[in-house]
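Report on the following structure.
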There are 2 protein chains.
Amino acid sequence: MQRRKRLWRVMDRFLSNSVNRIDAKGRVSVPAHFRSVVQKRGYTELYALRCLDVPAMDVGGLDLLDRYEERIAQEDPFLQTADDMSFFCHGDGTFLKLDQGGRITVPDFIREHTGIGAEVAFVGRGQFFQIWEPGRLAAYGAEARARLLKLRQGTKPGERPE
Amino acid sequence: MQRRKRLWRVMDRFLSNSVNRIDAKGRVSVPAHFRSVVQKRGYTELYALRCLDVPAMDVGGLDLLDRYEERIAQEDPFLQTADDMSFFCHGDGTFLKLDQGGRITVPDFIREHTGIGAEVAFVGRGQFFQIWEPGRLAAYGAEARARLLKLRQGTKPGERPE
DNA sequence: TAGTTGCCCATGGTATCCCATATCGAGATT
DNA sequence: AATCTCGATATGGGATACCATGGGCAACTA
């Protein structure tokens, strides 16, 4: 493993996806591969943020939060936009502590937003990953594919549908 | 602007949200995580200020006052607005003492301004936190997210406004 | 004196630690 | 190719520490 140096950049990202079960106490194992990425990146804690337009959470290290805060710093701090952004990334975000077994506990407001019940789908997104309710993820994936298909069949190159 | 050295460690910020109940004596527990942030930041007292445009209170250390004064300073000191703001904030600002159990007592004027009755919603805002009547918070949150979503609509597909 | 405020402890519920067991997967062996 | 072996991973459950919450008591106050 150590000798394939060139692959480290690649291995350093959140890739692929899997579904894990939530136990009676509300805990779910973060996939081992994701945990190793977390460790390589030196994160001690995970930051989870409610997605704006889909029933999912973005999860990543603290640099995810840093990126948002830097973005907020660019706004006039006393205008509505800055306040909305802070409200969103601080109020709708939360830390997720990994326990010694590599599990996180899914709090209620995450369940409400995502519809997560008995199972959690983990989806790698490169710099971060997402958690979904498996059924909704499948539905969303189907929609996305349908949009792409429609785009390819129904429109001329360069044109946007609808 | 030059990037100032981090005054607080990364995890020492108010994040996430939760709802606690007010008991018969008017006391409510400040979420344990917020209390630990308060301690890490070395706040000896909590200061609460009326929010200018929403039915909530901003709560934090004394540096919270700096933030308000910065805002007031932006107004022309000869206009009525600055004086109104000062009156509104300083006049109705108050210290909230944490008792040994980590609870605060919610005074009447906070109830009047926020509509808080039986429950209090605590919302992390990074450098400080807010308290809301849970229902009003939900409504305001929906509005804020809608505004942000509209902002994002202006960006190209696939782009994220981070 | 009645009401308020702060301190203390009791209780139930939840999160976390730790260990046991089941499940999975990669590589070796046949 | 099919099976076996073993380490890593996912999952379940008991024990425990922490936390939100309610109520008693004493000191203070209007």
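Just so we're on the same page: letters track the sequence lines, and every chain starts at 1. Computed from a predicted structure; not experimentally measured.
Judged by distance alone, the side chains of A/His90 and A/Glu69 do bring a donor and an acceptor atom under 3.5 Å apart. Counting only N and O atoms by type, the side chains of A/Tyr47 and A/Asp63 include no donor and acceptor under 3.5 Å apart.
Among the heavy atoms of the strands lying under 4.0 Å from A/Val30 are primed sugar atoms or P, OP1, OP2 only; no base atom is included. Nucleic acid contact for A/Arg21: sugar-phosphate only, since backbone atoms but no base atoms lie under 4.0 Å from a heavy atom of the residue. Nucleic acid contact for B/Lys25: base, since at least one base atom lies under 4.0 Å from a heavy atom of the residue. If you check every strand for non-hydrogen atoms under 4.0 Å, A/Thr105 touches sugar and phosphate atoms only.
In this structure, the nucleotide among D/dT21, C/dC18, D/dA10 sitting nearest to the side chain of A/Gln100 is C/dC18. Candidate nucleotides C/dC18, D/dG23, D/dA20 were compared by shortest atom distance to the side chain of B/Pro31, and D/dA20 ranks first.
Taking atom CG of A/Leu98 as the reference point, atom P of D/dA10 lies 12 Å away to the nearest angstrom. Counting to the nearest Å, the C1' atom of C/dT4 and the CG atom of B/Asp23 are 13 Å from each other. For the pair A/Phe34 CZ and D/dT9 C1', the computed distance is 15 Å after rounding to whole Å. Regarding A/His33, its NE2 atom lies at a distance of 15 Å from the C1' atom of C/dG25, rounded to whole Å. To the nearest angstrom, P of D/dA10 lies 12 Å from CG of A/Asp99. Between the CD atom of B/Gln39 and the P atom of D/dC18 there is a distance of 14 Å, given to the nearest Å. Nucleotide D/dC28 holds its P atom 13 Å from the NZ atom of B/Lys97, rounded to whole Å. Rounded to whole angstrom, the span from the CZ atom of B/Phe122 across to the P atom of D/dA20 amounts to 9 Å.
The pair A/Arg125-A/Asp58 does not meet the salt-bridge criterion, since no charged nitrogen lies less than 4.0 angstrom from a carboxylate oxygen. A salt bridge links A/Asp23 to A/Arg103: at least one charged side-chain nitrogen sits closer than 4.0 Å to a carboxylate oxygen.
No hydrogens or angles were tested; on distance alone, nothing pairs the side chain of B/Arg27 with the base of C/dG6 as donor and acceptor under 3.5 Å.
Look at A/Arg35 and you'll find a side-chain N or O under 4.0 angstrom from OP1 or OP2 of D/dA10.
Note: A/Phe122 and A/Phe129 have tilted aromatic rings, judged against thresholds of 30 and 60 degrees for the angle between ring planes.
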